[in-house]
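Numbered from 1 within each chain, the chains take letters A, B, ... in sequence-line order.
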Number of protein chains: 2
Amino acid sequence: MSARKAINLKMLSEALGLSQTTVSRALNGFPEVAEKTRARVIEAAERLNYRPSPSAASLATGKSRMIGHVVSLSEHIMINPHFADFIAGAGEVYGENGYDILLRLASLEEQEGVYRDLVDDQRVDGVVVHGPLTGDSRIGLLNALGLPFVVHGRSDEEGADYCWMDVNNRRAFHRATKFLLDLGHQRVALVNGLETMNFADRRRQGYEVALEEAGIVLDEQLLHSADMVEPYGYHATRALMDLAEPPTAIVVASVLPAMGVTRALADLGLRAGEDVSIIAFDDCLSFLQSGYKGRTPDIPYFTAVRSSIRDAGKRVAQMLLERIENPAGPLQSELWEADFVIGQTTAPPRRR
Amino acid sequence: MSARKAINLKMLSEALGLSQTTVSRALNGFPEVAEKTRARVIEAAERLNYRPSPSAASLATGKSRMIGHVVSLSEHIMINPHFADFIAGAGEVYGENGYDILLRLASLEEQEGVYRDLVDDQRVDGVVVHGPLTGDSRIGLLNALGLPFVVHGRSDEEGADYCWMDVNNRRAFHRATKFLLDLGHQRVALVNGLETMNFADRRRQGYEVALEEAGIVLDEQLLHSADMVEPYGYHATRALMDLAEPPTAIVVASVLPAMGVTRALADLGLRAGEDVSIIAFDDCLSFLQSGYKGRTPDIPYFTAVRSSIRDAGKRVAQMLLERIENPAGPLQSELWEADFVIGQTTAPPRRR
DNA sequence: TTGTATGCGTTATCAA
DNA sequence: TTGATAACGCATACAA
């Protein structure tokens, strides 16, 4: 290990017998500096462990090399476990590009104020919008503020005036529902996420269209909507199975409530995949994956529509950095199709 | 809504007909400024929406009002879901005190370099150490660097030369194990976390002491140790139940693998709490809680030793801020006792 | 009680 | 190709 004490530009330039200007230019890749001196400068900078002060650089340039993530971990607790995997993916990309994450916890009502402050303070070069609602006011605000941002998900039908990356939730749930109907199920329930969230709205649309195509009339009793936690899946299932005509299959918005669904069925002496079929949306949450290295993967438990939220985090981060580098460029957007994986929780309905 | 454009100290002082110095002092609560002018200054600052530039303030003071959280979300995926709840608690405290979170993802090997850089760059005023190992080298480094920090957990037996906040893991697991033994169980398995982690080591100690006190010889076949994910609980349980003499009770390090335990038992046609007893450590993860407001809480499913990781986040954050304000003060530490809650997964062993 | 002058460590403008 | 010099916006030692 070489010199450890922090050194500044002035000291470095004196050590080199050059001006601060030249050293700065050499380090920042300006074209007008002679390649020979640039090499000298870079070598000395490494040797003497020179690191430019972020606050000084930020003050001089107005750029912070920070990305803001403003989340309400408390209210919509569903964001919570999903958030960790998303940020794990995004953080990887930030790290490779010399950016850091500024994490701010704020309720949805507080978030507009937070964005304003973040801009006024020049604290971040861009932000990621999490958990967009249908008709989300944050998007208009961010456009007005001129702060680069990418939405994880979408806020409306078109999504034309902002960058976004989303999974095709409508098609995924259409497909899941159709799969169950094709197996012969007639009563398929939907244990959805909170339908103020745009993604949940789209999922419901996919479900409804599939029913309609099969000529099945929607039964409101088979619809549930709430924050996607385990106990929600449990209670929704208990209610569903108490109906005069209970469902024979359930489509669930996340593996978290899906575990609650399974637990409720077990309590009733029913087995998932035999007595009742389940298809869940699987975000590939890390703590539910088999992490054993070099091990052949399990046959998945849940039949699922699947899309890695961690990969989504990576992609959103890339899109945001591109947008920050080129704010005048075209608005990018990306729609991913979910995989469909057959697990152990689907089968034709039991004959009565 | 009043003036929106960002304003700086110079403009504000000119608008007031005062010097920048006086305005700065008034705003920062210096005693020598007249209360009348202070009131004037504060009023004008609010009206004109003055906000001091963080990078300028940071450059001038050397303080960043940022707290660093360096985590390896990828390797020890167990940290992952727990981290979200911890940070939700900590973030609340930071927000109330005008601090922000700097989140950095780095493998354990990279973390020492990250801490060095963070100090050199003056990017953070303090850090929280997550997931301490037994004999964790990060602690010595941070002490050497002189960066204020608090450890969530402990790294060794004494924990004398650093601030920490921990749950009494040894006692919690002693108690859980003893409870099962008192019910009459003779073969109690331990599905532990990764034993390089200090908390898992302590838990195992508690388990072993309880066995010893009951005069039961430790059976290595009943011990498992790995990252605390759901499939781990599943596979460990399948292995346990394949033994010639399977356990009649299992102590599990987290509700995550505990769900895998339950799933494995269900696959074998066994019921938790009837055929096999389970006690889990419950961190009160938000996505497993009944979040319904105004609803009477469920009878908990798992019998558990319980301690809110979110509350731990709050407390650790408070301790860190205190340490930052008073770096020369005494080293604080705090040991919490876990609650013991009876759920539906424990009963005396089945008669054979 | 208030004000002046200087420093914090960069980047950027203008000359040379 | 390189170098003075002026911002950037605040805090603070020193004066008054």
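Aromatic ring orientation, Y162(B) versus F149(B): parallel (interplanar angle below 30°, classes split at 30° and 60°).
Nucleic acid contact class of T37(A) (heavy atoms, under 4.0 Å, all strands): sugar-phosphate only. Within 4.0 Å of S55(B), counting heavy atoms only, lies no atom of the nucleic acid at all. Backbone-only engagement by L9(B) is indicated by non-hydrogen atom pairs under 4.0 Å involving sugar-phosphate atoms exclusively.
Considering F83(B), W164(B), F199(B) in turn, F83(B) is the only one that fulfils the ring pair (Phe, Tyr, Trp, His ring centres under 6.0 Å) rule with H130(B).
Donor-acceptor pairing under 3.5 Å, judged by distance alone, is present between the side chain of R25(A) and the base of dG3(D).
When each of I7(A) and T22(B) is assigned the nucleotide of DNA chain C bearing its nearest heavy atom, the one mapping closer to the 5' terminus is T22(B). When each of E32(B) and A56(B) is assigned the nucleotide of DNA chain C bearing its nearest heavy atom, the one mapping closer to the 5' terminus is E32(B).
Taking 4.0 Å as the cut-off between side-chain N and carboxylate O, E43(B) and R40(B) do not count as a salt-bridged pair. Using a 4.0 Å cut-off between charged nitrogen and carboxylate oxygen, D166(B) and R154(B) count as a salt-bridge pair.
Whole-Å rounding puts the Y50(A) OH to dG9(C) P distance at 10 Å. Whole-Å rounding puts the K10(B) NZ to dC10(D) C1' distance at 13 Å. Distance, N28(B) CG to dG9(D) C1': 13 Å, rounded to whole Å. The CZ atom of R65(A) sits 11 Å away from the P atom of dT11(C) (whole-angstrom rounding). Per the geometry, CG belonging to D121(B) stands 18 Å off P belonging to dC8(C), to the nearest Å. One atom, CG of L59(B), and another, P of dC10(D), lie 12 Å apart when rounded to the nearest Å. Between Q20(A) atom CD and dC8(C) atom P there is a gap of 11 Å when expressed in whole angstrom units. For the pair L12(A) CG and dG3(D) P, the interatomic distance rounds to 13 Å; values are reported in whole Å.
Distance check: Q122(A) CD to D117(A) CG gives 13.0 Å after rounding to the nearest 0.5 Å.
Distances shorter than 4.0 Å separate none of the side-chain N or O atoms of N8(A) from OP1 or OP2 on dC8(C). In this model, the phosphate group of dG3(D) is not approached by any side-chain N or O of T21(A) to a distance below 4.0 Å at OP1 or OP2. Phosphate proximity of dA11(D) to S24(B): present, with a side-chain N or O under 4.0 Å from OP1 or OP2.
Closest approach to the P52(A) side chain among dG3(D), dT10(C), dT4(C) is made by dT10(C) (side chain taken as heavy atoms from C-beta onward). The side chain of F30(A) lies closest to dA12(C) when the candidates are dG3(D), dA11(D), dA12(C). Comparing dC14(D), dT11(C), dA11(D) against the side chain of A60(B) picks out dA11(D) as the nearest.
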